[in-house]
Amino acid sequence: ALLVHEGSCPRSGLKGADDAKTEESNTMSNTEIVVVGAGVAGLSAALAVAGTGHDVTLVTKAELVESNTYHAQGGIAAAIFSDDDPKLHAADTMAAGHGLCDPKAVDILTREGAERVREFAAAGVHFDRDAHGHMLRGLEAAHSRARVVHAGGDATGKVFELDVSAMVRKNPRIHIIENAFLKDLIVRGGHIAGVHLLIDGQDKDLAADRVILAAGGAGRMYPYTTNPPVATADGLAVAWRAGAQVADLEFYQFHPTAMAVGEHFLVSEAVRGEGAVLLDEHGHRYMKDIDPRAELAPRDVVARENFRVMQAQGGKPVMLDVSPMARENPDLASFLAHRFPTIDAYTRSLGFDWSKEPIPVAPAAHYWMGGIRTDLFGRTSIPGLYAAGECARTGVQGANRLASNSLLEGLVYGRRAGLAAVRDENGTVWQPESFTDSEIIGLPVAQNPMELDMPGAAGAADAASVWGRERIEREMWEHVGVIREHDGLNAAVGNLSDALAMANGAVVNGAVANDTAVNAEPTAYVDLVTRMENRNLLTVGYVEAIAALNRCESRGAHTRSDYAEHNPTIAHSIAYRMKGTPC
């Protein structure tokens, strides 16, 4: 049953539609187009805008290169080789999405994606090549062809981010604002009017006719995550508070193999693509018993089984064994150091020689398939607001993302959003072609997306009652994690509702969050940003829990132990914030 809570969310002290500050000292110079986020989607959007001869302002939460893209290892999937075709890539993507991909969106991804990869390779991105200059490629889970290109071995995202951000810095039409926290969107008369930022502890309004959100994911909702500290759902949360529609938030992908010790460092899909196998505590290779594709089954299958094996062995991690690679690479240590230099260095820093012994791994929060609902040009339900990358739900990823499609989606749909932001006339409305023939929990999607009332703001509370990051992570992992069930989800909805009300109150009243990060660095600015990040995580976690509670089936990355079967009559979940409950 859907839980809807009474009450309203107060103004929260942030300037909204009608009360933005107009003082000269607090208002930055007007700009037409603002891109928020500097990962692959944001960089692609900014370059697309600048390529048309328009100026664009690129806003980033930290330094320009700090993003999920920078930490991506696996590569970029693209049908650019002679034995491949975008239609084959599309078929693999659709299969991984378990019936919830939009075929038109996937067709665009695979066709235009091949073009984008060729363009960036020609522009100077340092993709890995053989001695003859041909781009190297690898095979990853659920791909029918070896089509994943890499850069720097297992440092594709880092190399791409550095190469493309250098292009952005050199472009005179792209104006960069670093270390700016996105507090909220400014909406007037139902249209985007700008963004409300926090820069050096000061509130600043940046006026804009178009805003492109490319602010990344929300991996910091979970204690085990491959995401960097900046992934706190900021773009998705501000879009939700502004009234934008979101979709499919219950589908959160857990990567099967992150290091079970240290910083839960991602051990790329490509490692299994090269031949690594998973073992339980007795040395049994269990994935062969689960799926004919074994370790190269889709991520949801492998992550789920890893989780179950860990439960069966009292929480002990599973083991990843790379020794089968020695058949093709007799000097295994040298091969690993060359093919996976980042992983090799990290595992050795923890005291493991993975060329001689298996390493402990566990599932970790990795990628959100759901997000801000868009059309095929990144337009959202709010005129003037666009979204791309992980914070968006473009129709590409479905219920489970195909390996190495995330950077590709950012390339393709970041560019499409940038071009649309330039070409759209004022007042252009979105055209969401996806979902129109689907149903949401028995209700026609086109007429009845889910309208959610949101928790209000609790009154003044002592610091101990305001949830810190650790408590948010624990609640999400235990109740909205890899395997879910009704009672846990029901409890999570109630708990997160209460916590969000307190977080809203903390932002309004300035209460100090009981958060170790704040206590370790007790400055007012860090405290304020942490409170706002926690509020964002609680906002989207609350909506995710409701969506997961309502999806009474198991599909893709969403697994219900009490509804183990797939139910084809349930399609997309779409929601938006009830009007009259402004944040």
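What you are looking at is a predicted structure, and each value in this text was computed from that prediction instead of being measured.
Using a 4.0 Å cut-off between charged nitrogen and carboxylate oxygen, Asp424 and Arg210 do not count as a salt-bridge pair. With respect to Glu409 and Arg401, no salt bridge is recorded, no charged nitrogen being found less than 4.0 Å from a carboxylate O. Between Lys158 and Glu161 there is no salt bridge, since no side-chain N of the basic residue sits under 4.0 Å from a carboxylate O of the acidic one.
At a threshold of 4.5 Å between non-hydrogen side-chain atoms, the residues Leu249 and Leu236 count as touching. Taking the side chain as every heavy atom from C-beta outward, Val540 and Trp368 approach each other to under 4.5 Å. A 4.5 Å side-chain heavy-atom check between Leu376 and Asp102 finds at least one atom pair inside the cut-off. Side-chain contact between Pro383 and Ile192 is absent, with no heavy atoms from C-beta onward closer than 4.5 Å. Looking only at side-chain heavy atoms (C-beta outward), Asn227 and Tyr367 stay at 4.5 Å or farther from each other. The closest side-chain heavy-atom distance from Leu58 to Ile177 is not below 4.5 Å. For the pair Met135/Arg129, a side-chain contact is recorded, criterion being any heavy-atom separation below 4.5 Å from C-beta on. Residues Val56 and Val34 fail the side-chain proximity criterion, which asks for heavy atoms closer than 4.5 Å.
Side chain of Tyr413 to backbone of Ala105: a donor-acceptor contact under 3.5 angstrom is found. Judged by distance alone, the side chain of Tyr346 and the main-chain N or O of Pro341 form no donor-acceptor pair under 3.5 Å. The closest donor-acceptor contact from the side chain of Thr110 to the backbone of Asp107 lies under 3.5 Å. Within the 3.5 Å criterion, the main-chain N or O of Gly456 finds a donor-acceptor partner in the side chain of Asn504. In terms of modelled atom types and a separation under 3.5 Å, the side chain of His126 and the main chain of Gly124 share a donor-acceptor contact. In this structure, Asp375 contributes its side chain and Gly378 its backbone to a donor-acceptor pair below 3.5 Å. Arg379 places no side-chain N or O within 3.5 Å of a backbone atom of Gly384 that could act as its donor or acceptor partner. A donor-acceptor pair under 3.5 Å is absent between the side-chain atoms of Thr226 and the main chain of Leu266, judged by distance alone.
Nearest heavy-atom pair across Ala387 and Thr374 is O-CG2, 3.8 Å. Of all heavy-atom pairs between Val59 and Ala180, the closest is CG1-CB, 3.7 Å. Ala79 and Ala114 make their closest contact through O-CB, 3.9 Å (heavy atoms, listed as atom of the first residue, atom of the second, distance). Pairing each heavy atom of Gly190 with each of Ile382, the nearest pair is O-CG2, 3.8 Å. The two residues Met369 and Asn400 come nearest to each other via the heavy atoms CE-CA, 3.8 Å. Shortest non-hydrogen contact noted between Ser381 and Gly243 is OG-O, 4.2 Å.
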Test side-chain contact (heavy atoms from CB on, under 4.5 Å) applied to Arg373 and Tyr576, step by step: CA-CA 10 Å; Arg373 186 186 175 198; Tyr576 62 94; over 6 Å; no
Arg241 vs Asn536, side chain to side chain donor-acceptor pair (under 3.5 Å): CA-CA, chis, key distance, verdict: CA-CA 10 Å; Arg241 288 197 289 270; Asn536 289 340; 2.9 Å; yes
side-chain contact (heavy atoms from CB on, under 4.5 Å) between Phe120 and Phe160, worked out: CA-CA 9 Å; Phe120 276 99; Phe160 188 92; 4.2 Å; yes
Verdict with supporting geometry, Glu115 and Arg415, salt bridge (Lys or Arg N to Asp or Glu O under 4.0 Å): CA-CA 12 Å; Glu115 297 172 9; Arg415 178 178 181 272; over 6 Å; no
Chi angles and distances behind the side chain to side chain donor-acceptor pair (under 3.5 Å) call for Asn405, His89: CA-CA 10 Å; Asn405 266 0; His89 187 184; 2.9 Å; yes
Candidate pair Glu451 and Arg577, rule salt bridge (Lys or Arg N to Asp or Glu O under 4.0 Å), full reasoning: CA-CA 6 Å; Glu451 188 178 34; Arg577 181 180 57 78; over 6 Å; no
Residues Ile174, Val35; criterion side-chain contact (heavy atoms from CB on, under 4.5 Å); working and verdict: CA-CA 10 Å; Ile174 301 176; Val35 176; over 6 Å; no
Steps toward side-chain contact (heavy atoms from CB on, under 4.5 Å) verdict (Asp55, His175): CA-CA 8 Å; Asp55 283 0; His175 313 283; 3.4 Å; yes
Worked check of side chain to side chain donor-acceptor pair (under 3.5 Å) between Glu390 and Ser406: CA-CA 7 Å; Glu390 190 173 351; Ser406 57; over 6 Å; no
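Side-chain contact check for Asp205 and His196: at least one donor-acceptor pair (N or O, by modelled atom type) lies under 3.5 Å. The closest side-chain donor-acceptor pair between Asp128 and His150, if any, does not fall under 3.5 angstrom. A donor atom on one side chain and an acceptor atom on the other are not found under 3.5 Å apart for Ser404 and Glu269. Side-chain contact annotation: Arg471 with Asn534, donor-acceptor N/O pair under 3.5 Å absent.
Within the structure, ring pair (Phe, Tyr, Trp, His ring centres under 6.0 Å) contacts touching residues 205-230 (residues at least two apart or in different chains) are Tyr222-Tyr252, Tyr222-Phe254, Tyr224-His264, Tyr224-Trp477.
Paired with Thr232 under the rule side chain to side chain donor-acceptor pair (under 3.5 Å), one option of Arg220, Arg535, Lys61 passes, and it is Lys61.
Interatomic distance, Asp234 CG to Leu537 CG, rounded to the nearest 0.5 Å: 7.5 Å. Atom CG of residue Asp209 and atom CD1 of residue Ile33 lie 8.0 Å apart, to the nearest 0.5 angstrom. Between atom CD1 of residue Ile372 and atom CG of residue Leu385 there is a gap of 6.5 Å, rounded to the nearest 0.5 Å. To the nearest 0.5 Å, atoms CG (Leu402) and CD (Gln253) are separated by 9.0 Å.
Scanning for salt bridge (Lys or Arg N to Asp or Glu O under 4.0 Å) contacts around Glu112 gives Arg416, with sequence neighbours left out. Remark: Glu178 pairs with Thr60, Glu63, Leu64, Arg169, Ile176 by the side chain to side chain contact (heavy atoms under 4.5 Å, CB included) rule, at least two apart or across chains.
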